[in-house]
Peer 1: 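Take a look at this one; I'll ask things after.
Heavy atoms only: backbone and side chains are in, while hydrogens, waters and symmetry mates are out. Lettering follows sequence order; numbering is per chain, from 1.
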Amino acid sequence: MKKFYITTPIYYVNDKPHLGHSYTTIAADILARYCRSKNVEVFYLTGTDEHGSKIAEAASKNGFTPQEWVDKNVEEFKLLWERLNISYDYFIRTTGEKHVKKVQEVFSKLLKTGDIYKGKYSGWYCVACESYYTDTQILSFACPDCAKEVWKLEEESYFFKLSKYQDALLEYYEKHPEFLQPSWRALEMKNFVKSGLKDLSVSRTKVKWGITVPGDEAHTIYVWFDALLNYLSAAEGKNIWPCDVHFIGKEIFKFHAVIWSAMLMALGEKLPKTVFAHGWWTVNGEKMSKSKGNFVNPHTFIDNYGCDAYRYFVMSQIPFGQDGDFSEKSFFDKYNSNLANNLGNLISRTFSMLEKFSLQDIKAEVDKESSLGKLIVDFDKKYSKFMESIEFIKALELIWEVINEANKTIDSEKPWNLFKIDKVKLEKVLKNLLSAIEIVSKSLSCFMPETSEKIKKIIMDRKVTEPLFPRKDGKD
RNA sequence: CGCGGGGUAGAGCAGUCCGGUAGCUCGUCAGGCCCAUAACCUGGAGGUCGUAGGUUCAAAUCCUACCCCCGCAACCA
């Protein structure tokens with residue numbers, strides 16, 4: 001049996017899960033479900049990143065130990081994934097014993113091979129923000145975040161020999177065009193690597209909440225070095241490395257395309273087959289940010305519209321990879337027009353006709369001569385192509401093409417007239433519609449699992465008991 | 001000359017590689033239908049395709065210059 005290993009990033013537990021987190025996780029879920037539907041054995045990994053100074057800070061501010069704090073916050077993520085019907089196979093936490101051990105093991109190994117060495121890190125340090133900044137980030141000796149004075153400091157640090165892998169990385173990108181996607185984003189990464197890589201500081205003396213460097217208690221391991229290794233530690237013993245797809249947001253593309261890849265090279269491990277960086281959401285045209293407090297809380301939309309409507313909206317609103325905008329207005333419009341009117345109403349009218357014309361016993365059968373039938377015949381091939389090239393929006397458009405054509409067919413064939421004049425034709429038309437609905441239900445199972453099940457049940461019962469997506473009123 | 005993405009109807013986007021009647025969704029207007037969740041179907045209105053030049057019989061599409069928006073520019077996941 002083929003195996004497929006897919007991951008989301010591990011999310012930093014200090015934030016509550018928002019639109020961005022849910023987007024990546026839903027996308028990965030859709031691909032995972034698609035693969036399972038093709039009888040591929042899937043390992044879908046998600047989890048949380050639980051180390052770092054910000055977490056320690058927040059914990060103490062709230063009167064918790066860091067561990068208590070992350071234990072509490074991780075539940076927020078698990079709850080949301082449950083509500084969104086996320087079918088992950090394993091949830092990794094970087095404070096887990098197995099992961100910690102793996103990270104220290106890797107660190108020791110690279111120390112031994114010389115890919116990690118002890119050196120001196122120097123940079124501009126802001127006492128208030130407790131972090132370092134580079135020359136380019138500093139404007140006239142002021143911290144770019146809080147504008148306070150910064151000081152040139154130097155401290156002992158372990159470094160990863162990132163520079164050593166510059167040429168190997170470029171060669172790898174060249175030989176594996178499918179590795180970094182979308183390709184236009186890959187160009188950015190290539191240019192970045194070409195511009196020259198510096199060795200990466202992978203330990204901190206000022207951060208206490210982290211995995212300690214084996215044999216050197218004064219240092220903790222840099223959170224990214226720790227976090228990236230989750231993909232490897234979670235897979236240990238499962239014989240599924242290399243990973244097939246890392247789904248990530250564009251803001252962390254570099255960490256995956258460059259640092260993670262170099263780490264794997266240093267370890268002698270294979271690189272993942274694909275790293276796919278999706279775009280960012282704006283909200284009502286504005287960037288999501290803490291200062292604006294405009295993070296979209298998925299729960300609000302799940303409460304009002306349901307889990308599947310939410311999954312549908314985020315996938316249908318923008319092509320996967322590009323940036324896009326989230327607004328309640330567009331959510332509302334899409335819900336009504338695509339889900340309630342097109343899909344929901346198609347199901348309603350079809351099954352009410354079956355009942356009205358006493359044709360509940362007929363079986364689905366494609367009329368290959370009809371334009372609807374032609375769509376159905378070509379469907380699987382096109383659908384698979386879009387899913388496999390991670391063009392989710394195109395797969396959805398294809399499904400809606402069938403839905404719209406089915407609605408058109410009803411209008412042009414006028415079954416209510418056929419009922420009076422041509423019962424043979426009537427059956428033919430309705431059988432064709434049934435096969436359209438079957439294929440819609442089947443192909444929607446990755447995107448909207450609950451809805452897909454509901455439609456299946458409607459097909460079985462030959463009866464709609466309640467609307468799939470009740471139309472919403474009250475918004476302009 | 002740091003790197004990259006983008007500027008096409010009221011909104012959101014496709015089309016640009018491989019020039020040839022400017023297309024889709026939503027909204028809007030008119031008509032149709034009556035099976036259906038006031039849903040569905042058909043048609044109309046609405047764009048000098050960021051600006052200025054150039055190549056060509058023909059440019060949203062190719063070339064040149066410029067303007068505007070948005071990311072990235074490594075130690076905050």
Side-chain angles (χ1 to χ4, degrees), chain A residues 9-15 21 48-55 94 121 123 126 129-134 136-137 144-145 157 159 162 182 184-192 194-195 197-204 222-228 248-255 258-259 279-280 282 287 316-319 322-325 327 329-330 333-334 336-357 393-394 397 400 404 406-419 430 433 464 466-473 476:
Chain A
I10 47 174
Y11 304 113
Y12 204 57
V13 278
N14 214 28
D15 295 324
H21 302 109
T48 44
D49 182 7
E50 307 188 345
H51 291 123
S53 55
K54 292 213 165 159
I55 284 176
T94 56
Y121 179 79
C126 170
C129 298
E130 290 185 29
S131 59
Y132 278 98
Y133 298 93
T134 57
T136 51
Q137 287 175 305
D145 284 341
S157 170
F159 283 85
L162 188 59
W184 46 271
R185 266 198 222 293
L187 200 58
E188 228 168 302
M189 293 303 120
K190 287 176 197 166
N191 287 334
F192 171 74
K194 265 183 209 159
S195 75
L197 296 177
K198 286 186 256 173
D199 289 350
L200 181 75
S201 161
V202 288
S203 74
R204 299 286 185 276
Y222 176 44
V223 280
W224 266 113
F225 190 88
D226 161 6
L228 287 164
I248 56 166
K250 65 176 179 180
E251 77 283 7
I252 56 173
F253 202 17
K254 194 175 292 167
F255 290 93
V258 183
I259 297 173
W280 267 21
T282 52
K287 199 173 160 177
S316 65
Q317 176 71 355
I318 50 177
Q322 295 189 20
D323 295 343
D325 188 58
S327 71
K329 165 98 172 82
S330 51
D333 288 346
K334 256 199 146 86
N336 269 343
S337 73
N338 294 5
L339 296 179
N341 297 353
N342 297 153
L343 174 58
N345 186 47
L346 170 68
I347 308 278
S348 285
R349 65 199 305 216
T350 305
F351 285 94
S352 107
M353 283 190 285
L354 284 181
E355 201 179 346
K356 209 156 261 184
F357 306 147
I393 198 169
K394 289 194 177 170
E397 279 164 4
W400 256 258
N404 292 334
N407 274 321
K408 276 178 203 175
T409 302
I410 297 177
D411 276 79
S412 60
E413 299 291 351
K414 300 186 179 25
W416 48 94
N417 281 347
L418 294 176
F419 180 62
L430 287 173
L433 284 172
V464 180
E466 56 184 332
L468 276 180
F469 297 99
R471 209 186 139 78
K472 303 274 182 193
D473 295 312
D476 26 281

Peer 1: Please give the nucleotide sitting opposite U21(B) as a Watson-Crick or G-U wobble pair, both distances under 3.5 Å, or none.
Peer 2: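 With both distances under 3.5 Å required, U21(B) matches none.
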Peer 1: Over how many whole Å does the gap from Phe357(A) atom CZ to A36(B) atom C1' extend?
Peer 2: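 Computing the Phe357(A):CZ to A36(B):C1' distance gives 11 Å.
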Peer 1: Just how far, in rounded Å, is C1' of C41(B) from CG of Asn341(A)?
Peer 2: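 Value for this atom pair: 13 Å.
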Peer 1: Determine the Euclidean distance between corresponding C1' atoms of A45(B) and G10(B); express it in Å to zero decimal places.
Peer 2: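 Pairwise C1' distance, G10(B) against A45(B), rounds to 12 Å.
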Peer 1: So which one's nearest nucleotide on RNA chain B is more toward 5', Arg185(A) or Asp411(A)?
Peer 2: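 Nearer the 5' end of the strand: Arg185(A).
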Peer 1: How far does the P atom of U25(B) sit from the matching atom of G15(B), given to the nearest Å?
Peer 2: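 About 16 Å, rounded to a whole number of Å.
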Peer 1: Give Ser201(A) one of three labels, base, sugar-phosphate or nothing, depending on what nucleic acid heavy atoms sit under 4.0 Å from its own.
Peer 2: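 Ser201(A): base contact, heavy atoms under 4.0 Å.
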Peer 1: Determine the interatomic distance between C1' on C66(B) and the same-named atom on C29(B); round to the nearest Å.
Peer 2: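 Looking at atom C1' only, C66(B) and C29(B) are 41 Å apart.
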Peer 1: Checking all strands, does Tyr121(A) fall into the base, sugar-phosphate, or nothing category for heavy-atom contacts under 4.0 angstrom?
Peer 2: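 Contact class for Tyr121(A): base.
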Peer 1: Within the side chain of Asp49(A), is there an N or O that forms a donor-acceptor pair under 3.5 Å with the backbone of Val223(A)?
Peer 2: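 Judged by distance alone, no pair lies under 3.5 Å.
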Peer 1: With rounding to whole Å, what would you report as the distance between A60(B) and G20(B) at their P atoms?
Peer 2: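 The answer is 10 Å between these two P atoms.
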Peer 1: How far does the P atom of G4(B) sit from the matching atom of U64(B), given to the nearest Å?
Peer 2: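 Straight-line distance between the two P atoms is 15 Å.
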Peer 1: Looking only at atom types and distance, does a side-chain atom of Glu50(A) sit under 3.5 Å from a main-chain N or O of Val13(A), one as donor and one as acceptor?
Peer 2: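 Between the backbone of Val13(A) and the side chain of Glu50(A) there is no qualifying donor-acceptor contact (under 3.5 Å).
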Peer 1: Rounded to the nearest 0.5 Å, what separation is found between the CD atom of Gln322(A) and the CD atom of Gln317(A)?
Peer 2: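 Those atoms lie 12.0 Å apart.
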Peer 1: Between Tyr12(A) and Lys54(A), is there a cation-pi geometry (under 6.0 Å to ring centre, at most 45° from the normal)?
Peer 2: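 Geometry flag: not set, cation outside 6.0 Å or 45°.
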Peer 1: I'd like to know if Asn345(A) reaches the base of A36(B) with its side chain such that a donor and an acceptor end up less than 3.5 angstrom apart.
Peer 2: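 Answer is yes: a donor-acceptor pair is held.
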Peer 1: Of the listed nucleotides (G71(B), U37(B), A74(B)), which one gets closest to any side-chain atom of Leu200(A)?
Peer 2: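 Closest nucleotide to the Leu200(A) side chain: A74(B).
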Peer 1: OP1, OP2 of A14(B) versus side-chain N and O of Gln322(A): anything below 4.0 Å?
Peer 2: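 For A14(B), OP1 or OP2 has a side-chain N or O of Gln322(A) closer than 4.0 Å.
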Peer 1: Mind checking the P distance from A52(B) to C67(B)? Whole angstroms is fine.
Peer 2: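 To the nearest whole Å, 15 Å.
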Peer 1: Nearest to the Arg349(A) side chain among A36(B), C3(B), U37(B), which nucleotide is it?
Peer 2: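 It is A36(B).
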Peer 1: Assign Leu162(A) to base, sugar-phosphate, or nothing according to its heavy-atom contacts below 4.0 angstrom with the strands shown.
Peer 2: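 Counting heavy atoms under 4.0 Å across all strands, the contact made by Leu162(A) includes a base.
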Peer 1: What's the closest nucleotide to the side chain of Phe192(A) if the choices are U42(B), A74(B), U37(B)?
Peer 2: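 Of the options given, the side chain of Phe192(A) lies nearest A74(B).
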Peer 1: In whole angstroms, how far is the C1' atom of U37(B) from the CG atom of Leu468(A)?
Peer 2: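 Rounded to whole Å, this separation is 10 Å.
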Peer 1: I want to check one thing: is the phosphate of C40(B), taken as OP1 and OP2, less than 4.0 Å away from some side-chain N or O of Asn342(A)?
Peer 2: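 Result: yes.
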Peer 1: Give a yes or no answer on whether the side chain of Ser316(A) reaches the backbone of Ile393(A) with a donor-acceptor pair at less than 3.5 Å.
Peer 2: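 No.
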Peer 1: Please classify the nucleic acid contact of Leu197(A) as base, sugar-phosphate, or nothing, using heavy-atom distances under 4.0 Å.
Peer 2: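 If one applies the 4.0 Å heavy-atom cut-off, Leu197(A) turns out to touch a base.
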Peer 1: Between G27(B) and A9(B), how far apart are the C1' atoms? Round to whole Å, please.
Peer 2: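 Nearest-Å result for A9(B) against G27(B) at atom C1': 12 Å.
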Peer 1: Between A14(B), G71(B), C35(B), which nucleotide gets closest to the side-chain atoms of Lys356(A)?
Peer 2: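 Taking heavy atoms from C-beta onward, the closest nucleotide is C35(B).
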Peer 1: Measure from NZ on Lys394(A) to P on C13(B) and round the result to the nearest Å.
Peer 2: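 Roughly 16 Å, once rounded to whole Å.
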Peer 1: Please tell me which of the listed nucleotides, U37(B), A36(B), G71(B), lies nearest to the side chain of Glu188(A)?
Peer 2: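 Closest nucleotide among those given: G71(B).
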Peer 1: Where the side chain of Ser337(A) is concerned, which of C72(B), C26(B), U42(B) is the nearest nucleotide?
Peer 2: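 For the Ser337(A) side chain, the nearest candidate turns out to be C26(B).
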Peer 1: Between Asp323(A) (side chain only) and Trp280(A) (backbone N and O only), is there a donor and an acceptor less than 3.5 Å apart?
Peer 2: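 Yes, because the side chain of Asp323(A) sits within donor-acceptor range (under 3.5 Å) of the backbone of Trp280(A).
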Peer 1: Can you tell me the base-pairing partner of G2(B)? Count Watson-Crick or G-U wobble geometry only, both distances below 3.5 Å, and say none if there is no partner.
Peer 2: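 For G2(B), the partner nucleotide comes out as C72(B), under the 3.5 Å rule.
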Peer 1: Once you round it to whole Å, what is the distance between C1' of C34(B) and CZ of Phe419(A)?
Peer 2: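 Value for this atom pair: 15 Å.
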Peer 1: Side chain to side chain contact (heavy atoms under 4.5 Å, CB included) between Ile259(A) and Phe225(A): does it pass, once the steps are laid out?
Peer 2: CA-CA 8 Å; Ile259(A) 297 173; Phe225(A) 190 88; 6.0 Å; no
Peer 1: Which nucleotide in the set G71(B), U37(B), C76(B) lies at the smallest distance from any side-chain heavy atom of Lys54(A)?
Peer 2: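 Within the option list, the nearest is C76(B).
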Peer 1: For Arg471(A) and A39(B), is the shortest distance between a side-chain N/O and OP1 or OP2 below 4.0 Å?
Peer 2: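 True: Arg471(A) side-chain N/O within range (under 4.0 Å) of A39(B) OP1/OP2.
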Peer 1: Please test Leu433(A) against Leu354(A) for side chain to side chain contact (heavy atoms under 4.5 Å, CB included), starting from the C-alpha separation and ending with a verdict.
Peer 2: CA-CA 11 Å; Leu433(A) 284 172; Leu354(A) 284 181; over 6 Å; no
Peer 1: Roughly how far apart, to the nearest Å, are A30(B) and U37(B) at atom C1'?
Peer 2: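 To the nearest whole Å, 24 Å.
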Peer 1: Within a strict 4.5 Å, meaning less than it, do heavy atoms of the Val464(A) and Ser352(A) side chains meet?
Peer 2: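 Counting from C-beta outward, Val464(A) and Ser352(A) never come under 4.5 Å.
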Peer 1: Tell me: CG of Asp325(A) to P of C26(B), nearest whole Å?
Peer 2: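 Between P of C26(B) and CG of Asp325(A): 19 Å.
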Peer 1: Measure CD/Gln317(A) against P/A14(B) and give the value in whole Å, please.
Peer 2: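 These atoms are roughly 12 Å apart.
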Peer 1: Using both distances under 3.5 Å as the test, list the Watson-Crick or G-U wobble partner of U55(B), or none.
Peer 2: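 Across any shown strand, U55(B) pairs with none.
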Peer 1: Categorize Ile259(A) for me: base, sugar-phosphate, or nothing, with a 4.0 angstrom heavy-atom threshold over every strand shown.
Peer 2: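 Ile259(A): no heavy atom of the nucleic acid under 4.0 Å.
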Peer 1: Nearest to the Trp416(A) side chain among C34(B), C40(B), G4(B), which nucleotide is it?
Peer 2: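 Closest nucleotide to the Trp416(A) side chain: C34(B).
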Peer 1: Check this one for me: any side-chain N or O of Asn338(A) less than 4.0 Å away from OP1 or OP2 of U25(B)?
Peer 2: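 Checking Asn338(A) against U25(B): no side-chain N or O falls below 4.0 Å of OP1 or OP2.
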Peer 1: For the side chain of Ala340(A), counting heavy atoms from C-beta on, which of C35(B), A74(B), U37(B) is nearest?
Peer 2: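 Within the option list, the nearest is U37(B).
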Peer 1: On RNA chain B, compare the nucleotides closest to Ile252(A) and Leu346(A); which residue's is nearer the 5' end?
Peer 2: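 Its nearest nucleotide lies further toward 5', so the answer is Leu346(A).
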Peer 1: Between atom OH in Tyr222(A) and atom P in C76(B), what is the gap in whole Å?
Peer 2: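 Distance check: Tyr222(A) OH to C76(B) P gives 7 Å.
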Peer 1: Give one of base, sugar-phosphate or nothing for Phe469(A), where a contact means two heavy atoms less than 4.0 Å apart.
Peer 2: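 Base: the residue Phe469(A), judged by heavy atoms under 4.0 Å, touches a nucleobase.
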Peer 1: Which nucleotide, if any, forms a Watson-Crick or G-U wobble pair with A30(B), using both distances under 3.5 Å?
Peer 2: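 The base-pairing partner of A30(B), which may sit in any strand shown, is U42(B).
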Peer 1: Looking across every strand, which nucleic acid part, if any, lies under 4.0 Å from Pro415(A) by heavy atom: base, sugar-phosphate, or nothing?
Peer 2: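 Pro415(A): no heavy atom of the nucleic acid under 4.0 Å.
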Peer 1: For Lys334(A), report the nucleic acid contact type (base, sugar-phosphate, nothing); a contact means any heavy atom under 4.0 Å.
Peer 2: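 The residue Lys334(A) makes no contact with any strand.
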